[in-house]
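What follows is a set of notes on a single structure, which appears directly below.
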Amino acid sequence: MRVCAVCSRQARGFGWVNPRLTRSDPRRPASYRKFCSLRCQGAYSNLMKRTGKMIDPTEMEQAALAACLGPLGDYVTALGLDTPLAAYSKDQILGLIDVVVTTYQDQMVAGHEAQAGVPF
Ligand SMILES: [Zn+2]
């Protein structure tokens with residue numbers, strides 16, 4: 001499964017290739033990226049137009065992970081701080097995963113948009 005180059009969701013037919021590389025440039029195929037949505041494609045495209053390069057994903061990923069702490073804390077607090085993880089129902093666990101994954105993905109998209117300086 002190909003994943004979105006911005007948020008890691010499943011790619012869905014949106015693509016980008018470096019227009020600065022000619023069709024015969026051997027680096028052109030490696031520049032190809034796939035995306036889940038027009039929003040992620042736009043964020044990436046705007047970032048590449050502005051900077052000409054991809055930003056350090058490690059730094060952005062770390063920021064996205066840190067952004068999950070607040071929503072995760074809110075979710076756990078809503079379930080009751082005295083409730084151990086082992087006592088969570090399957091739906092509560094899935095809700096916890098959803099909070100973290102959705103926040104992470106949204107932060108990755110927002111991070112790309114912020115770096116590009118242009119909200120899509
Ligand atoms: Zn995406």
Side-chain angles (χ1 to χ4, degrees):
M1 175 179 80
R2 295 287 306 248
V3 297
C4 176
V6 170
C7 73
S8 299
R9 290 184 177 106
Q10 183 177 356
R12 296 187 185 275
F14 299 92
W16 181 90
V17 66
N18 190 340
R20 296 176 184 167
L21 302 175
T22 63
R23 288 188 179 273
S24 61
D25 192 312
R27 296 172 298 169
R28 187 176 168 101
S31 76
Y32 186 67
R33 299 290 183 269
K34 289 188 172 189
F35 305 96
C36 69
S37 64
L38 201 55
R39 181 182 179 197
C40 285
Q41 182 188 42
Y44 189 88
S45 178
N46 287 335
L47 177 62
M48 295 306 283
K49 283 178 194 169
R50 182 161 186 245
T51 67
K53 62 180 176 138
M54 193 62 192
I55 58 168
D56 181 2
T58 301
E59 186 177 315
M60 187 182 296
E61 287 170 0
Q62 289 174 345
L65 286 171
C68 294
L69 291 173
L72 175 62
D74 292 343
Y75 185 83
V76 171
T77 300
L79 293 180
L81 289 174
D82 295 336
T83 306
L85 187 60
Y88 285 14
S89 69
K90 180 181 176 182
D91 285 344
Q92 289 171 325
I93 297 275
L94 290 174
L96 185 147
I97 293 168
D98 182 56
V99 164
V100 171
V101 170
T102 300
T103 302
Y104 179 83
Q105 291 172 330
D106 288 348
Q107 287 297 312
M108 288 298 290
V109 175
H112 280 76
E113 289 173 339
Q115 289 292 326
V118 183
F120 184 70

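Bear in mind that the values here come from a model prediction, so they are computed numbers and not experimental data.
- Atoms CG and CZ, from Leu21 and Arg27 in turn, are 5.0 Å apart once rounded to the nearest 0.5 Å.
- Residues forming a side-chain contact (heavy atoms from CB on, under 4.5 Å) with Asp82 (at least two apart in sequence, or on another chain): none.
- Note on Leu81: it clusters hydrophobically with Ile93, by side-chain heavy-atom contacts below 4.5 Å among ILVMFWY residues.
- Atoms CZ and OG, on Arg50 and Ser45 in that order, are 14.0 Å from each other to the nearest 0.5 Å.
- Nearest approach of Cys7 to Val109, heavy atoms of both residues: CB-CG2, 3.8 Å.
- Smallest separation of non-hydrogen atoms from His112 and Val6: ND1-CG1, 3.5 Å.
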Can you give the donor-acceptor pairs under 3.5 Å from side chains of residues 96-105 to other protein atoms, not counting sequence neighbours?
residue : atom : partner : partner atom : Å
Asp98   : OD1  : Thr102  : OG1          : 3.1
Thr102  : OG1  : Asp98   : O            : 2.8
Thr103  : OG1  : Val99   : O            : 2.7
Gln105  : OE1  : Arg9    : NE           : 3.0
Gln105  : OE1  : Arg9    : NH2          : 3.2

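- Atoms CD and CG, on Gln41 and Asn46 in that order, are 10.0 Å from each other to the nearest 0.5 Å.
- Within the structure, side chain to side chain donor-acceptor pair (under 3.5 Å) pairs that include any residue of residues 10-24 comprise Thr22-Ser24 (at least two apart or interchain).
- Partners of Ala66 under the side-chain contact (heavy atoms from CB on, under 4.5 Å) rule, at least two apart in sequence or in another chain, do not exist in this structure.
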Notebook entry, point to check: Where do Tyr88 and Leu94 land on the side chain to side chain contact (heavy atoms under 4.5 Å, CB included) test, with the steps shown first?
Noted result: CA-CA 10 Å; Tyr88 285 14; Leu94 290 174; over 6 Å; no
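- In this structure a side-chain-to-backbone donor-acceptor pair under 3.5 Å is missing from Arg2 to Ala11.
- Summarising the geometry, atom CD belonging to Gln107 is positioned 7.5 Å from atom SG belonging to Cys68; distances are rounded to the nearest 0.5 Å.
- Of all the heavy atoms in Ala67 and Pro71, the pair that sits closest is O-CD, 3.2 Å.
- Under a 4.5 Å side-chain heavy-atom cut-off, the cluster of Ile, Leu, Val, Met, Phe, Trp and Tyr residues that includes Val17 is completed by Tyr32.
- Closest approach of Ala64 and Met108 over heavy atoms only: CB-SD, 3.8 Å.
- The shortest non-hydrogen separation linking Phe35 to Ala5 is CE2-CB, 3.8 Å.
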